[in-house]
2 protein chains.
Amino acid sequence: MRPIDHAQQALITAIVRGEYPVGTALPGERDLAAQLGVTRPTLREALRRLEADGWLIIQHGKSTLVRNYLHEGGLNVLNGIVQYSRDLPPDFVPNLLQVRLDLAPSYTRLAIMNAPHVLISVLKAHKTLPDTPHAYAHYDWQLHHTLTVQSGNPIYALILNGFADFYEYLAETHYFQHDVARQASAAFYAELLSHVQAGDVDEAAALTQRVMAASITLWEMIHQTS
Amino acid sequence: MRPIDHAQQALITAIVRGEYPVGTALPGERDLAAQLGVTRPTLREALRRLEADGWLIIQHGKSTLVRNYLHEGGLNVLNGIVQYSRDLPPDFVPNLLQVRLDLAPSYTRLAIMNAPHVLISVLKAHKTLPDTPHAYAHYDWQLHHTLTVQSGNPIYALILNGFADFYEYLAETHYFQHDVARQASAAFYAELLSHVQAGDVDEAAALTQRVMAASITLWEMIHQTS
DNA sequence: GTTTATCAACTGGTCTGACCAGTTGATGAT
DNA sequence: ATCATCAACTGGTCAGACCAGTTGATAAAC
């Protein structure tokens, strides 16, 4: 692992585990670099990334502080939480699905109004999807990404991209493993396609709303015991 | 202006203006540093920030590329767009308000269910608000931030924080300047308070939905000519 | 002539150690 | 007791060297 990635990994891990609690000061850069086994310039590059993501508050002359990242951080902190914490917070995925439920009907509606032909070609592709978790996870991400981009409101895509690093991974390993999940999504893709072809925007948005809500229920059903 | 900020400013400005078009390669770090009048380590810290925000794709051995930031970037690119482009994209604020419309009813509902007492104390504070754009902008941001944090779903707060750098500024200078906007918000705060006190979560969510939608109409009414 | 190995010249990545520049609290003068 | 001063933190920047992937031109092999 590259020095800068090692430094970033070590810092986020330490922060997430509370070894550097929120609000406290990090060791000085010279000490910290020595502890992590990297040099100061390398450490500083890592610190700049963490600062940009909302993990840290860096101020000239003062100690670098651990930010209250869950309250004041940026969307990128989710990547760190997924990648570097031992196990996900229990409600992580339901929280994610809840936000998707809020947004998906809107960006789906807009995308259909703006670029129905694009969506039709994307949605037709689902018919040739192999019935594997990997294929479904990849396709599902692509679909939502296309929808947000085609919505014409860039903010939808920018928000969705905050989930880019783990959406496919979590979907493949924890959701589309289950036959019912793949079947539910396949039905959704087919039905959405027919609504788009029929030009029925309202029905498409309503369908999306129902399916996004159902996916939360489905997730919780799947994971009620495990 | 500090060298690193100057470098960041210059790079984002150049990218936004298309001087470094999406998909093209940046000059090598040695050249680029010289052009910007900073040294390579300083430039690299700036590049790391831009990479974290989704402006750039950096790969060892290859040229650094300008990312398709509107399609693949993170929420932080909005800060860059607001700060460094001459004037905002025409639909910028309506797009922002549209996303808020999607999310606010949900996080308001959750916040009321989780922590009604917190909201009551925050909402009561509105009664002593001076009738100034600055006071309203600050209060409005604080309210939404409180709502997202109290919702119990951290993702709402993380998304909202993507707007932190310009929400107050834009609200103060382009929205709450207008008496009707302040009056509308004051009425909203009062009505929301009464619903929270009455424990009527559904009515509070519905109200939020109506007001967020109305704020888009109001914005467009205000800015139809200017 | 075509193919394949090699290597030079890019690119970014890291290290070294020095010095600049804000911040803070202890020290000492008033 | 108060206030200026300054030493010792902190992060910020500079300098130049060298390490490490990538790429395409060159030359060797077929």
Side-chain angles (χ1 to χ4, degrees), chain A residues 1-12 14-15 19-69 72-73 79 83, chain B residues 1-15 19-69 72-73 79-80 83:
Chain A
M1 188 178 246
R2 288 191 162 43
I4 189 176
D5 294 318
H6 167 250
Q8 168 162 351
Q9 207 265 8
L11 287 170
I12 294 182
I15 292 173
E19 294 165 25
Y20 294 130
V22 165
T24 62
L26 249 52
E29 294 181 353
R30 292 156 183 86
D31 289 348
L32 193 50
Q35 288 176 27
L36 298 175
V38 301
T39 55
R40 227 184 126 203
T42 302
L43 169 64
R44 282 179 58 83
E45 289 188 25
L47 292 175
R48 289 301 189 192
R49 293 213 287 215
L50 298 194
E51 181 193 29
D53 287 346
W55 295 98
L56 300 176
I57 300 172
I58 302 178
Q59 304 170 82
H60 190 180
K62 302 182 180 180
S63 290
T64 293
L65 303 177
V66 178
R67 197 169 195 152
N68 188 344
Y69 52 92
E72 294 160 23
N79 295 329
Q83 288 187 251
Chain B
M1 189 180 249
R2 286 193 163 44
I4 189 176
D5 294 318
H6 167 250
Q8 167 161 352
Q9 208 265 7
L11 287 170
I12 294 182
T13 303
I15 293 173
E19 296 165 23
Y20 294 130
V22 165
T24 62
L26 249 52
E29 294 181 351
R30 292 157 182 86
D31 288 348
L32 193 50
Q35 287 176 28
L36 298 174
V38 301
T39 55
R40 227 185 126 204
T42 302
L43 169 64
R44 283 180 58 82
E45 290 188 26
L47 291 175
R48 289 300 189 192
R49 294 212 287 214
L50 297 194
E51 181 194 28
D53 287 347
W55 295 97
L56 299 175
I57 300 173
I58 303 178
Q59 305 170 84
H60 190 177
K62 302 181 181 180
S63 289
T64 294
L65 303 177
V66 178
R67 196 170 199 153
N68 188 342
Y69 52 91
E72 294 160 23
N79 295 330
Q83 287 187 254

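Below, read A as the first sequence line, B as the second, and so on, with proteins coming before strands; counting in each chain starts at 1.
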> Base, sugar-phosphate, or nothing: which does B:Arg2 touch, judged by heavy atoms less than 4.0 Å apart?
Replying inline: sugar-phosphate
> Does a side-chain heavy-atom distance below 4.5 Å link B:Asp53 with B:Ile12?
Replying inline: no
> Does B:Thr64 make a side-chain N or O approach to OP1 or OP2 of C:dT11 shorter than 4.0 Å?
Replying inline: no
>> Tell me the interatomic distance from A:Glu29, atom CD, to D:dT13, atom P, rounded to whole angstroms.
In response: 11 Å
> CD1/B:Ile57 to CG/B:Leu50 distance, rounded to the nearest 0.5 angstrom?
Replying inline: 13.0 Å
Any protein N or O atoms within reach of nucleotides 14-17 of chain D? Criterion: under 3.5 Å, listing atom names and distances.
residue : atom : partner : partner atom : Å
D:dC14  : OP2  : B:Thr39 : N            : 3.2
D:dC14  : OP2  : B:Thr39 : OG1          : 3.1
D:dC14  : OP2  : B:Thr42 : OG1          : 2.9

> What pair of heavy atoms forms the shortest contact from A:Leu65 to A:Gly23, and how long is it?
Replying inline: CD2-O, 4.2 Å
> OP1 or OP2 of C:dG12 less than 4.0 angstrom from a side-chain nitrogen or oxygen of B:Arg44, does that happen here?
Replying inline: no
> Quick one: A:Asp5 CG to D:dA20 P, roughly how many Å, whole number?
Replying inline: 16 Å
> Hey, what do you get for CZ (B:Arg67) to CD (B:Glu51), rounding to the nearest 0.5 Å?
Replying inline: 8.5 Å
> Rounded to the Å, how far apart are A:Ile4 CD1 and C:dC15 P?
Replying inline: 10 Å
> Under 4.5 Å between any side-chain heavy atoms of A:Leu11 and A:Leu47, yes or no?
Replying inline: yes
> Among residues 46-61 of chain B, which contact DNA chain D at a heavy-atom distance under 4.0 Å?
Replying inline: B:His60, B:Gly61
> Which one of B:Glu45, B:Arg49, B:Gln83, B:Arg2 satisfies the side-chain hydrogen bond (donor to acceptor under 3.5 Å, both in side chains) criterion with B:Gln8?
Replying inline: B:Arg49
> In Å and rounded to the nearest 0.5 Å, what is the OG1 to CZ distance from B:Thr42 to A:Arg48?
Replying inline: 9.0 Å
>> To check you understand the geometry: which heavy-atom pair defines the closest contact between A:Tyr20 and A:Leu32, and what is its length?
In response: OH-CD1, 3.7 Å
